[in-house]
Amino acid sequence: EIYGRSHRRDIGLYAAATGGMTVVENMAERVWTLFHYATLTISGYTNWRTTVENIRPAPTTPNVYGIIVSINIQVDAA
């Protein structure tokens, strides 16, 4: 059985580079609000904590802004 398994997921957020980073910063804030200390339902597991671990710049082009939000999901076998 699996106990205390940790899954890390990176979510890439991108927007056209028109004006400033406000659009992707707002998206990152929304992802943080949804996932920091959240509880998820995952079939076959019980979830005891979901946290946002890192928000960092994403690889981009001159036409695109980006941020990566890293989420850690800690689960126990049901």
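The chain is numbered in sequence order, starting from 1.
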Quiz item: Between atom CD1 of Ile68 and atom OH of Tyr14, what is the distance when rounded to the nearest 0.5 Å?
Solution: 5.0 Å
Quiz item: Are the side chains of Ile71 and Ile11 in touch, meaning some heavy atoms are under 4.5 Å apart?
Solution: yes
Quiz item: When Ser70 is tested against each of Glu53, Arg9, Arg56 for side chain to side chain donor-acceptor pair (under 3.5 Å), which residue passes?
Solution: Arg56
Quiz prompt | Test log, rule side chain to side chain contact (heavy atoms under 4.5 Å, CB included), inputs Met21 and Val23 | solution = CA-CA 6 Å; Met21 289 279 294; Val23 172; over 6 Å; no
Exercise. Give a yes or no on whether Leu13 and Val64 share a hydrophobic cluster (residues Ile, Leu, Val, Met, Phe, Trp, Tyr; joining criterion: side-chain heavy atoms under 4.5 Å apart).
Key: no
Quiz item: Do Asn54 and Val69 have side chains that get closer than 4.5 Å, going by heavy atoms?
Solution: no
Quiz item: Atom CD1 in Ile73, atom OG1 in Thr50: separation rounded to 0.5 Å?
Solution: 5.5 Å
Self-check item: Closest approach of Ala17 to Pro62 (non-hydrogen atoms, all atoms of both residues)
Solution: CB-O, 3.6 Å
Quiz item: Which atoms form the tightest heavy-atom contact between Ala28 and Ile67, and what is the distance?
Solution: CB-CG2, 4.0 Å
Quiz prompt | Exam field: side chain His36 to backbone Val52, donor-acceptor pair closer than 3.5 Å | solution = yes
Quiz item: Taking C-beta and beyond as the side chain, do Val75 and His7 meet within less than 4.5 Å on heavy atoms?
Solution: yes
Quiz item: Side chains of Thr51 and Arg49: does their closest heavy-atom pair fall under 4.5 Å?
Solution: yes
Quiz prompt | Rounded distance [0.5 Å steps], CH2 in Trp32 versus CD in Glu25 | solution = 15.5 Å
